[in-house]
There are 2 protein chains.
Amino acid sequence: MLFTFKDRFPQLNPYWEKYTALQQRVEYPAKTTLLREGKIAQNYYFVEKGCLRVWFDNHEKDTTFQFFFENEGVSSLESFSKNIPSAFSIETIEPSVIQILSKAVFNEMLTELGQNPDFLLALMSISFDRQRHYMNEFLSRIRDTPQQRYMNLLAERPHIVKRVPQHYIASYLGVTSVHLSRIKNQLARKK
Amino acid sequence: MLFTFKDRFPQLNPYWEKYTALQQRVEYPAKTTLLREGKIAQNYYFVEKGCLRVWFDNHEKDTTFQFFFENEGVSSLESFSKNIPSAFSIETIEPSVIQILSKAVFNEMLTELGQNPDFLLALMSISFDRQRHYMNEFLSRIRDTPQQRYMNLLAERPHIVKRVPQHYIASYLGVTSVHLSRIKNQLARKK
DNA sequence: GTAAGACGATAACATTTGTTATCAAATCCA
DNA sequence: TGGATTTGATAACAAATGTTATCGTCTTAC
């Protein structure tokens with residue numbers, strides 16, 4: 001699945017710095033697809049400025065399941081490492097500045113660091129964290145009403161609600177944008 | 001999460017046989033709780049005869065997310081190995097004969113086999129399989145309508161529909177038993 | 001600067017699913 | 001065996017959510 005590297009394991013930062021130099025820095029306009037569902041991931045993307053969303057095609061509608069902002073990184077780890085088609089797409093929401101780490105550089109990194117226990121432990125830990133993250137995402141979809149999910153988002157990650165257009169929020173909550181409008185209306189009324 | 005051992009890795013069966021001897025064999029009536037959500041798992045359960053369901057409390061309702069039949073084994077691996085409260089309950093559906101592997105024996109096993117790469121690889125592989133399994137379960141809940149989920153179940157695991165009471169099937173599909181009746185009615189009509 | 005498109009609110013209506021209640025059949029158990 | 005419980009179907013109604021359409025405002029692109 002997805003993974004995020006930088007600053008999660010400070011002991012790895014020296015290594016990271018070395019490979020940071022090998023990254024490409026690219027500016028993309030809004031709504032640019034970086035990775036298309038069904039394609040094989042070739043890069044790891046690190047957000048310097050702007051924001052991304054990760055989504056999959058759900059019978060013609062789209063289901064967003066994560067947003068990424070400055071200083072967060074993302075790839076389809078499964079696709080990236082096993083050369084299998086990605087289960088989701090990654091695209092920019094705002095015009096964004098992205099640092100790209102290519103698979104070639106990543107593989108070089110793996111070769112060099114693959115024997116380093118810190119590195120392997122970091123990889124595993126990242127992998128487990130992501131598993132837990134997605135498990136909780138999905139559980140929340142089953143347990144909570146869209147309204148509860150929206151209130152959680154407001155309380156815990158208000159920056160998302162501020163920066164992301166409402167129909168993507170709706171797609172993340174699992175409802176239509178019309179219904180999200182209703183939810184906001186109800187909440188405003190209650191106050 | 002849950003995990004299943006036996007026969008998935010034939011190369012481990014010799015080891016398994018040894019510990020099989022240390023299992024307890026217990027008969028339980030129907031609807032007996034083996035592990036209660038919130039408690040710390042003390043055992044691994046292997047179904048010799050009968051069937052189990054795994055479920056969690058979802059705002060007073062129950063959400064079933066897996067069934068286990070003969071020759072399948074289950075525990076809350078996270079709870080079991082990290083001594084944290086289990087996220088779900090395990091209970092019998094039919095009167096069942098269960099083989100119990102205690103945590104003490106499991107730990108002994110770990111000590112003895114923890115250096116065996118086959119064993120470690122097997123553990124990791126089992127863990128990844130389960131992750132994928134639950135990911136797909138949850139994805140199916142988001143992507144598919146209850147009717148599609150029911151048809152999948154009929155097509156892919158008809159034994160479940162045959163043996164498990166309908167309200168558990170409904171809880172597994174994520175609908176009320178009343179609605180499952182409606183779904184069955186619609187499907188019958190179409191034929 | 002202006003036209004086109006994106007975004008968000010709202011209304012009217014449709015569809016899906018839940019809730020409660022009732023009934024009949026099957027099963028359990030004492 | 002016979003009463004209690006479980007299981008499953010169905011009806012009537014309620015609640016949640018989707019669909020389509022309209023409108024006003026705000027952005028974006030040229």
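In this text the structure is predicted, and so the values were computed from the model without any measurement. Naming convention: chains lettered A, B, ... in sequence-line order (proteins, then strands); numbering from 1 in each chain.
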*Separation of atom CG in Leu180(B) from atom C1' in dG8(D), rounded to whole Å*: 10 Å
*Measure across Leu101(A) and Met109(A) and return the closest heavy-atom pair with its distance rounded to 0.1 Å.*
CD2-SD, 4.4 Å
*Under a 4.0 Å N-O cut-off, is there an ion pair linking Arg53(A) with Glu91(A)?*
yes
_Is any side-chain heavy atom of Asn107(A) closer than 4.5 Å to one of Lys103(A)?_
yes
*Taking all non-hydrogen atoms of both residues into account, name the closest pair between Gly50(B) and Val47(B) and its distance.*
O-CG1, 3.5 Å
*Work out how much the helix from dG1(C)-dC30(D) to dA30(C)-dT1(D) bends between its end axes, five pairs an end, to the nearest 10 degrees.*
50°
*Rounded off to whole Å, could you give me the NE2-to-P distance for the His167(B) and dG18(C) pair?*
16 Å
*Round to the nearest Å and state the distance from Lys31(A) atom NZ to dA4(C) atom C1'.*
12 Å
*Rounded to the nearest Å, what distance is computed from the CZ atom of residue Arg149(B) to the P atom of nucleotide dT16(C)?*
17 Å
*Would you name the heavy atoms of Ser86(B) and Arg36(B) that are closest together and state the gap between them?*
CB-O, 4.5 Å
_Under-4.0 Å side-chain N/O to phosphate OP1/OP2 contact, Lys184(A) with dG8(C)_ = no
*side-chain hydrogen bond (donor to acceptor under 3.5 Å, both in side chains) partners of Glu137(B), counting only residues at least two apart*: Tyr172(B)
*Under the side-chain hydrogen bond (donor to acceptor under 3.5 Å, both in side chains) criterion, do Ser171(A) and Thr64(A) qualify, and how do the steps go?*
CA-CA 5 Å; Ser171(A) 138; Thr64(A) 298; 2.7 Å; yes
*Figure out the CD/P separation between Gln166(A) and dT10(C), and round it to whole Å.*
10 Å
*Is the distance between the ring centroids of Phe106(B) and Tyr44(B) under 6.0 Å?*
no
*asked:* Whole angstroms only, please: what is the CG-C1' distance between Leu187(B) and dA9(D)?
replied: 15 Å
_Heavy-atom side-chain proximity of Ile90(B) to Phe68(B) below 4.5 angstrom_ = no
*Spacing of Gln148(B) atom CD relative to dT17(C) atom P, expressed in whole Å*: 10 Å
*Separation of atom OH in Tyr150(B) from atom P in dT16(C), rounded to whole Å*: 18 Å
Enumerate all atom pairs, one protein N or O and one N or O from nucleotides 15-24 of chain D, separated by less than 3.5 Å.
| from | atom 1 | to | atom 2 | distance (Å) |
| --- | --- | --- | --- | --- |
| dT17(D) | OP2 | His179(A) | NE2 | 3.2 |
| dG18(D) | OP2 | Thr176(A) | N | 3.2 |
| dG18(D) | OP2 | Thr176(A) | OG1 | 3.4 |
| dG18(D) | N7 | Arg182(A) | NH2 | 2.6 |
| dG18(D) | O6 | Arg182(A) | NH1 | 3.1 |
| dT19(D) | OP1 | Lys61(A) | NZ | 3.0 |
| dT19(D) | OP2 | Lys61(A) | NZ | 3.4 |

*For dT10(D), does either OP1 or OP2 sit under 4.0 Å from a side-chain N or O belonging to Asn185(B)?*
yes
